[in-house]
2 protein chains.
Amino acid sequence: MPKDTFYNLSDEKKRKIFDAAVQEFSARRFGEASINQIIKAAGIPRGSFYQYFEDKEDLYLYMFAEIGAEKQAVIGQVEALNPEADFFEAYQHNMKILLEWSKKKPEYNQLGLLMEMDDSEFINKLRGVTNQYFARMSELIERDKRRGLIKPETNSEVVVDMIYSINMHYIKEYYRTGSVEDMLRKINEVMKTIKDGIIIR
Amino acid sequence: MPKDTFYNLSDEKKRKIFDAAVQEFSARRFGEASINQIIKAAGIPRGSFYQYFEDKEDLYLYMFAEIGAEKQAVIGQVEALNPEADFFEAYQHNMKILLEWSKKKPEYNQLGLLMEMDDSEFINKLRGVTNQYFARMSELIERDKRRGLIKPETNSEVVVDMIYSINMHYIKEYYRTGSVEDMLRKINEVMKTIKDGIIIR
DNA sequence: GTTAAAAATGACAACCCTGTCACATGACAA
DNA sequence: TTGTCATGTGACAGGGTTGTCATTTTTAAC
């Protein structure tokens, strides 16, 4: 947790430090990110940084929470999902939220990706939050199995794994090519495949 | 390319340096790997390293080529694939090769994974080799489409992307849990899903 | 205006890293 | 034996990093 001295700062100065953190943590993984770069970008002296934060982790945690709050605000604006929606509709709804968020705050995209590709212990712990999201997807599949919409022999966790990993794959690709359309088209094909399979019986 | 002085070394010394390189590049991504650690493990002085190699890339390239040769030797021992085999059989065959390789040289597993998770420019270039493997999978799907085994509307590249990304995902998981059986079981479920889909029509 | 506490500051120590280079050592030929 | 050339060697320069701390400056209270 940042120290009191940080919270006593003017909003402008807090903002400047936050922005510098986003900039650095969007460019480098947590382990490689440099406090030196951050203080340079924020225009604060070395000593001040340690007056405000315990260390790099402390700053990251602050930034992470701050972004989380912003995300909540954006998500709240997307229309709620019909509770009767099936798994595929729920997935599309989630994609819509993700795209909305990505459109409103594109500066956080790279940051999220870097977090996803980071396997340091510290970042691994933080990821717990993201995982809840996928646990919910798994539940939806189970419900659809009970409703007779999805084959009872389906392993919901494996399906969620598939969707998660291919999504990450295409998001990475999106950063290389910059084409959202390509990404959406491909993810559509993926969902078609998961629905119906590719083999002719 | 390593310098002549390196190739003039005794096999034992060459081996020691190779082993030290494997050790370090298995523990850290290319960018974070330290020449210091390597020379310490190999028991050679700093100056000698630069007498043998241009730099870290030079050593990595040597190690990579060396391992590639070992891999060829192992692959040659697996029985050849029936040329009439369909995509799914070919995939299983590839898995068999991969497992054979992984069983014979488990010390390289972590190295390969780290290479996969590395997005430095240098490693990206090297990955070109791996990609050929997936290009061949795509061709097999196209052939099966022509043979009437796979739905003509299937996007073969997307299917290969799915298989690639979920494989990487489970290989990472395998490093955490250490269970090959779990991995194989899950990959089996994945292939079933890709074949037949999960929805009830 | 004086004083005391809070905050800002940057020089510094301590620890990484890489690539070089002057010199030491060994091997082989004349 | 002596000279020459390839190789071995580690100290060093120059770059990076983090966390601390004595000192100055600001703020606020009296």
Side-chain angles (χ1 to χ4, degrees), chain A residues 1-64 114 118-123, chain B residues 1-63 114 118 120-123:
Chain A
M1 229 181 64
K3 301 176 183 175
D4 286 343
T5 47
F6 174 73
Y7 287 113
N8 291 338
L9 255 33
S10 72
D11 284 356
E12 192 207 336
K13 208 164 180 185
K14 284 206 286 273
R15 181 86 213 168
K16 230 175 163 185
I17 293 171
F18 172 83
D19 287 345
V22 169
Q23 194 188 318
E24 180 66 4
F25 289 127
S26 299
R28 267 167 280 280
R29 260 181 284 258
F30 180 78
E32 287 88 54
S34 150
I35 297 178
N36 267 2
Q37 296 305 316
I38 294 171
I39 61 179
K40 207 163 69 182
I44 60 169
R46 184 152 204 81
S48 295
F49 178 86
Y50 288 97
Q51 201 99 40
Y52 303 151
F53 302 96
E54 215 59 64
D55 50 24
K56 202 163 57 163
E57 293 195 4
D58 200 19
L59 170 61
Y60 196 96
L61 251 21
Y62 166 74
M63 182 194 71
F64 190 70
L114 236 38
D118 197 322
D119 54 335
S120 67
E121 206 177 320
F122 172 66
I123 295 294
Chain B
M1 231 179 68
K3 302 176 183 173
D4 286 343
T5 47
F6 175 72
Y7 287 113
N8 290 340
L9 255 34
S10 73
D11 283 356
E12 192 207 337
K13 207 163 180 185
K14 284 206 287 270
R15 181 84 212 170
K16 230 175 163 185
I17 293 172
F18 172 83
D19 287 345
V22 169
Q23 193 186 320
E24 179 66 6
F25 290 126
S26 299
R28 266 167 282 281
R29 258 183 284 258
F30 180 77
E32 286 88 56
S34 149
I35 295 178
N36 268 0
Q37 296 306 315
I38 294 170
I39 61 177
K40 206 163 70 184
I44 59 170
R46 184 150 203 80
S48 294
F49 178 87
Y50 288 98
Q51 201 99 42
Y52 303 151
F53 302 96
E54 214 58 63
D55 50 23
K56 202 163 58 162
E57 293 196 3
D58 200 18
L59 170 62
Y60 196 96
L61 252 20
Y62 166 73
M63 182 193 71
L114 235 38
D118 197 322
S120 68
E121 206 177 320
F122 172 66
I123 296 294

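Below, chain A is the first sequence line, B the second, and so on; all start at residue 1.
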Discussion item. Does a side-chain N or O of N8(A) approach OP1 or OP2 of dA7(C) to a distance below 4.0 Å, or not?
Written reply: yes
Fill in: Degree of bending in the helix from dG1(C)-dC30(D) to dA30(C)-dT1(D) once both end axes are built from five pairs, to 10°
20°
Fill in: Those residues of residues 46-59 of chain B lying under 4.0 Å from DNA chain D by at least one heavy atom
R46(B), G47(B), S48(B), Q51(B), Y52(B)
Worksheet item: For T5(A) and dA7(C), is the shortest distance between a side-chain N/O and OP1 or OP2 below 4.0 Å?
Response: no
Item to complete: Check whether any side-chain N or O of N36(A) sits under 4.0 Å from OP1 or OP2 of dT18(D), and answer yes or no.
Response: yes
Practice prompt. Output the single nucleotide from dG19(D), dT18(C), dT17(D) whose closest atom is nearest the side chain of Q37(A).
Written response: dT17(D)
Discussion item. Just the rounded figure in Å: distance from P of dC17(C) to CZ of F30(B).
Written reply: 15 Å
Worksheet item: Hey, mind stepping through K13(B) and Y52(B) against side-chain contact (heavy atoms from CB on, under 4.5 Å) and telling me if it holds?
Response: CA-CA 11 Å; K13(B) 207 163 180 185; Y52(B) 303 151; 3.8 Å; yes
Worksheet item: Can you tell me how far P of dA8(C) sits from CZ of F6(A), to the nearest Å?
Response: 11 Å
Worksheet item: Counting distance only, does the side-chain N/O of K14(B) pair as donor-acceptor with the main-chain N or O of L9(B) below 3.5 Å?
Response: yes
Worksheet entry | Nucleotide nearest I35(A) when distance is taken to its side chain, options dC17(C), dG19(D), dT7(D) | dG19(D)
Discussion item. Need one value for L9(A): base, sugar-phosphate or nothing, where a base atom within 4.0 Å counts as base even if backbone is also close, heavy atoms only.
Written reply: sugar-phosphate
Item to complete: Hey, can you tell me if Y62(B) and F53(B) have their rings parallel, tilted or perpendicular (30° and 60° cut-offs)?
Response: tilted
Item to complete: Any chance you could lay out the side chain to side chain donor-acceptor pair (under 3.5 Å) test for S34(B) and N36(B), step after step, and finish with the verdict?
Response: CA-CA 5 Å; S34(B) 149; N36(B) 268 0; 4.7 Å; no
Fill in: Residue P45(A), side-chain heavy atoms: nucleotide from dG19(C), dC17(C), dG10(C) that is nearest
dG10(C)
Worksheet item: Can a salt bridge be assigned to the pair R29(B) and D119(A) using a cut-off of 4.0 Å between side-chain N and carboxylate O?
Response: yes
Worksheet item: Parallel, tilted or perpendicular: which fits the ring planes of F122(B) and F30(B), with parallel below 30° and perpendicular above 60°?
Response: tilted
